[in-house]
Amino acid sequence: MVRIEEVNNIRRATIDTPHGQINTPTFMPDATYGTVQEVSMQDLRDVGINEFVTTTLHIEQAIGSEYLKEYGSMHKFTGWDRPILTDSGGFQVYSLIHRNSSKHNQITEAGCSFIDYKTGNYNFLSPERSQYIQHLIGSDIRVVLDEPLIEDDSISKIRQSVERTTRWAQRSKKAFLEFNQLSEADFNNPEIKRPLLCAVIQGASSFEYRKISAEGLIDIGFDIYGFGGMPLRGKYSWKEDGKAGSFYHELTSYVAELIPKDKIRYALGVGNPDNLKFAIESGWDLFDTVLPTRNARHGYLYVNSGEGDASYDNFDVMHIKSERYKFDERQIDTKLVNPAYPKLSRAYLRHLIRMKSGSGTRVATMHNLQFYTQFLNGLLNRSPIPA
RNA sequence: GCAGGGAUGGCAGAGCGGUCAAAUGCUCCAGACUGUAAAUCUGGCGUCGCGAGACUACGGGGGUUCGAGUCCCUCUCCCUGCA
């Protein structure tokens with residue numbers, strides 16, 4: 001089901017899923033409500049996207065897994081015949097609880113309970129419920145419900161998060177096997193075609209607890225191990241501290257080493273192109289982030305070095321709404337191969353984004369995704385043009 | 001012609017003697033966003049200055065007052081009734 005090779009010191013994995021192969025390293029955009037906002041499934045194919053991530057919680061709220069089951073599947077519904085990964089909803093619950101903590105929003109051993117702020121409805125998401133929804137969605141890769149811990153927190157909180165995540169992972173796997181009518185032996189039989197299951201390593205900024213978390217999950221046995229709970233703020237923020245030799249780099253490298261070589265490594269929520277480059281070099285295979293899509297909507301474009309107005313190690317940023325592009329007749333990124341819109345000027349895209357035009361956000365989103373795919377292909381010395 | 005109402009920063013619109021370089025919204029300028037509850041959020045936005053600060057400002061002109069978008073007179077323009 002998984003084959004690993006190494007080319008120029010970079011891992012490359014081939015993963016067989018019910019809907020075709022995934023070739024890593026690869027970046028998966030986030031299709032939160034069953035859509036990568038602003039673009040169509042055909043657009044995704046056109047810019048070289050092969051798989052995407054969608055979120056259990058949002059699908060359940062916006063579409064309904066029972067509806068998808070009745071309709072057929074997420075693949076049939078969307079017309080996407082390639083791999084789909086469903087996130088468990090753990091991060092979404094975490095995110096919403098931290099934005100709006102109330103006595104109704106809480107996480108207990110049983111699961112996550114919270115009030116939907118739009119409908120006022122009470123929601124409950126347990127490890128089993130998350131697996132069930134993902135089962136009805138019919139995704140190719142499923143993630144176990146976990147309890148993220150992004151901020152640097154006390155050791156007791158870290159311990160609780162790690163231990164609960166491990167217990168939930170155990171419950172999730174049990175539910176996964178039941179829903180798919182598989183035995184543990186079946187799970188370990190590479191001849192049997194089935195969706196893949198991913199557990200998420202927690203432990204915040206603690207090397208010790210990252211190791212404990214990884215070992216606990218590896219004991220249970222999964223196809224994919226994720227790195228969860230990136231520190232976005234605080235002392236060990238990997239946003240501020242993302243350079244070679246930094247704490248964040250040491251931590252993610254360390255965790256990658258804890259995962260068996262023949263298992264897939266998924267860095268959840270990573271990252272900008274610099275982050276991706278480092279994570280790939282330190283052995284991670286799968287990535288997803290909202291950056292290229294959300295930023296595109298805000299007129300923040302990823303472009304090749306020398307093309308934008310702000311420079312990072314391996315890329316530039318173009319703030320396309322800026323006055324500086326008012327009379328710029330060039331295409332968005334003159335170094336991009338086969339751009340989706342070669343005749344569209346920066347000046348006009350600036351106008352479209354400023355007017356909040358759907359055509360503008362679509363072009364910007366396609367551009368950013370295309371930049372990401374070409375950036376990865378460049379790192380791997382693959383052809384920049386997808387097959 | 002008579003009576004009444006009104007003129008405030010790019011626009012809309014607060015302000016009813018001092019705490020007004022002037023609320024608020026929009027526009028505009030800059031920025032942020034990392035398993036998306038984000039078409040969201042954060043700054044800036046009279047002029048000069050990095051800054052403290054200085055200067056010029058609430059239709060024009062003239063008064064009252066220690067002090068005036070704020071009160072009085074007058075002019076210009078706009079709106080509403082009556083002729």
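First the proteins, then the strands, lettered A, B, ... as listed; each starts at 1.
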### Message
Both distances below 3.5 Å, Watson-Crick or wobble geometry, any strand: find the nucleotide opposite B:U47.
### Response
B:A54
### Query
Passes side-chain hydrogen bond (donor to acceptor under 3.5 Å, both in side chains), A:Tyr341 versus A:Arg362? Steps please.
CA-CA 11 Å; A:Tyr341 294 92; A:Arg362 172 167 176 244; 3.1 Å; yes
#### Entry: Nearest-neighbour nucleotide for the A:Asp30 side chain, B:G35, B:A38, B:A30 considered
B:G35
### Message
Over all strands shown, is A:Arg324 touching base, sugar-phosphate only, or nothing at heavy-atom distances under 4.0 angstrom?
### Response
sugar-phosphate
## Note on the structure
Scanning all shown strands, the Watson-Crick or wobble mate of B:G1 with both distances under 3.5 Å is B:C82
### Query
So which nucleotide does B:A38 pair with, by the Watson-Crick or G-U wobble rule with both distances under 3.5 Å?
none
### Task
Starting from P on B:A38, measure out to CG on A:Leu57 and report it in whole angstrom.
11 Å
### Task
For the side chain of A:Val53, starting at C-beta, report the closest nucleotide among B:G35, B:U34, B:C28.
B:G35
### Message
Regarding A:Ile115, tell me which of base, sugar-phosphate or nothing describes its non-hydrogen contacts under 4.0 Å with the strands shown.
### Response
base
## Note on the structure
RNA chain B nearest-nucleotide lookup for A:Lys356 and A:Thr32: closer to the 5′ end is A:Thr32
### Query
Do any side-chain nitrogens or oxygens of A:Tyr302 fall under 4.0 Å of OP1 or OP2 in B:C33?
no
### Message
Taking B:A12 as the reference, what is the distance to B:G6 when you measure between their C1' atoms (whole Å, please)?
### Response
16 Å
### Query
Taking the six-membered ring of A:Phe222 as reference, does the NZ or CZ atom of A:Lys263 fall below 6.0 Å from its centre and within a 45° cone about the axis?
no
### Message
So that I know where these two stand, are A:Phe114 and A:Tyr122 an aromatic pair - ring centroids less than 6.0 Å apart?
### Response
no
### Message
Measure CD/A:Gln37 against P/B:A39 and give the value in whole Å, please.
### Response
6 Å
### Task
Using the P atom on both, measure B:G51 against B:G46 and round to a whole Å.
13 Å
### Message
Taking B:G4 as the reference, what is the distance to B:U8 when you measure between their P atoms (whole Å, please)?
### Response
22 Å
### Message
Which nucleotide wins on minimum distance to the side chain of A:Val290, given the candidates B:G35, B:C29, B:G31?
### Response
B:G35
### Query
Are any of A:Arg142's side-chain N or O atoms less than 4.0 Å away from OP1 or OP2 of B:G35?
no
### Query
On a whole-Å scale, what distance lies between the P atoms belonging to B:G18 and B:U42?
32 Å
### Query
Aromatic ring centroids of A:Phe315 and A:Tyr312 under 6.0 Å?
yes
### Rounded distance in Å between the P positions of B:U76 and B:U64
24 Å
### Query
Closer than 4.0 Å, any side-chain N/O of A:His298 to the OP1 or OP2 of B:U40?
no
### Query
Given that both distances must come in under 3.5 Å, which nucleotide forms a Watson-Crick or G-U wobble pair with B:C16?
none
### Message
Of the options B:C33, B:U34, B:C29, whose atoms approach the side-chain atoms of A:Thr289 most closely?
### Response
B:U34
#### Entry: B:A14 and B:C66, which share atom name P, separated by this distance in whole Å
32 Å
### Message
Could you tell me the Watson-Crick or G-U partner of B:A23, where both distances fall under 3.5 Å? Say none if there is no partner.
### Response
none
### Query
If the P atom of B:A54 is compared with that of B:G61, how far apart are they to the nearest Å?
24 Å
### Task
Just call it for A:Ser95: base, sugar-phosphate, or nothing, with non-hydrogen atoms closer than 4.0 Å on any strand.
sugar-phosphate
### Task
Would you kindly say whether A:Thr293 and A:Glu38 are connected by a side-chain donor-acceptor distance under 3.5 Å?
no
#### Entry: Within 45° cone and under 6.0 Å: A:Arg171 NZ/CZ vs A:Phe176 ring
no
### Message
What's the closest nucleotide to the side chain of A:His319 if the choices are B:G35, B:A32, B:A30?
### Response
B:A32
### Message
Using whole Å, what does the distance between atom C1' of nucleotide B:G31 and atom CD of A:Glu323 come to?
### Response
15 Å
### Query
In terms of base orientation, is B:G69 syn or anti, with the syn window spanning 90° either side of 0?
syn
### Query
In this structure, which one of A:Thr86, A:Ile141, A:Asn180 forms a side chain to side chain contact (heavy atoms under 4.5 Å, CB included) with A:Pro195?
A:Asn180
### Query
Rounded to whole angstrom units, what separation is found between the CG atom of A:Leu301 and the P atom of B:A32?
12 Å
### Query
Is B:U76 paired to anything, Watson-Crick or G-U wobble with both distances less than 3.5 Å, and if yes, which nucleotide?
B:A7
### Query
Atom CD1 of A:Ile141 to atom P of B:G35: distance rounded to whole Å?
17 Å
### Identity of whatever pairs with B:U70 - Watson-Crick or G-U, under 3.5 angstrom
none
### Query
Of the candidate nucleotides B:C33, B:A39, B:G31, which contains the atom at the shortest distance from the side chain of A:Arg294?
B:C33
### Message
When you measure from the side-chain N and O atoms of A:Arg297 to the phosphate of B:C41, is any distance below 4.0 Å, counting only OP1 and OP2?
### Response
no
### Query
What is the nucleic acid contact for A:Ser88, judged by heavy atoms within less than 4.0 Å: base, sugar-phosphate only, or nothing?
base
### Message
Base of B:G35, side chain of A:Gln202 - is there a donor-acceptor contact under 3.5 Å?
### Response
yes
### Query
Over how many whole Å does the gap from A:Lys321 atom NZ to B:U27 atom C1' extend?
13 Å
### Query
Which whole number of Å gives the distance between the C1' atom of B:A23 and that of B:U65?
26 Å
### Query
What does A:Thr361 touch in the nucleic acid at a heavy-atom separation under 4.0 angstrom: a base, only the sugar-phosphate, or nothing?
nothing
### Query
Base, sugar-phosphate, or nothing: which does A:Asp288 touch, judged by heavy atoms less than 4.0 Å apart?
sugar-phosphate
### Message
Using a 4.0 Å heavy-atom cut-off, does A:Tyr300 contact any base of the nucleic acid, only the sugar-phosphate backbone, or nothing at all?
### Response
base
### Message
Can you see whether A:Glu60 engages A:Ser65 through a side-chain donor-acceptor pair at a distance of less than 3.5 angstrom?
### Response
yes
### Task
Under the side-chain contact (heavy atoms from CB on, under 4.5 Å) rule, collect the residues that match up with A:Ser305, sequence neighbours excluded.
A:Asp316
#### Entry: Protein-nucleotide distance (A:Glu38, atom CD; B:A39, atom P), rounded to Å
9 Å
### Summary
Rounded to whole Å, the CG-C1' distance (A:Leu268 to B:G35) equals 4 Å
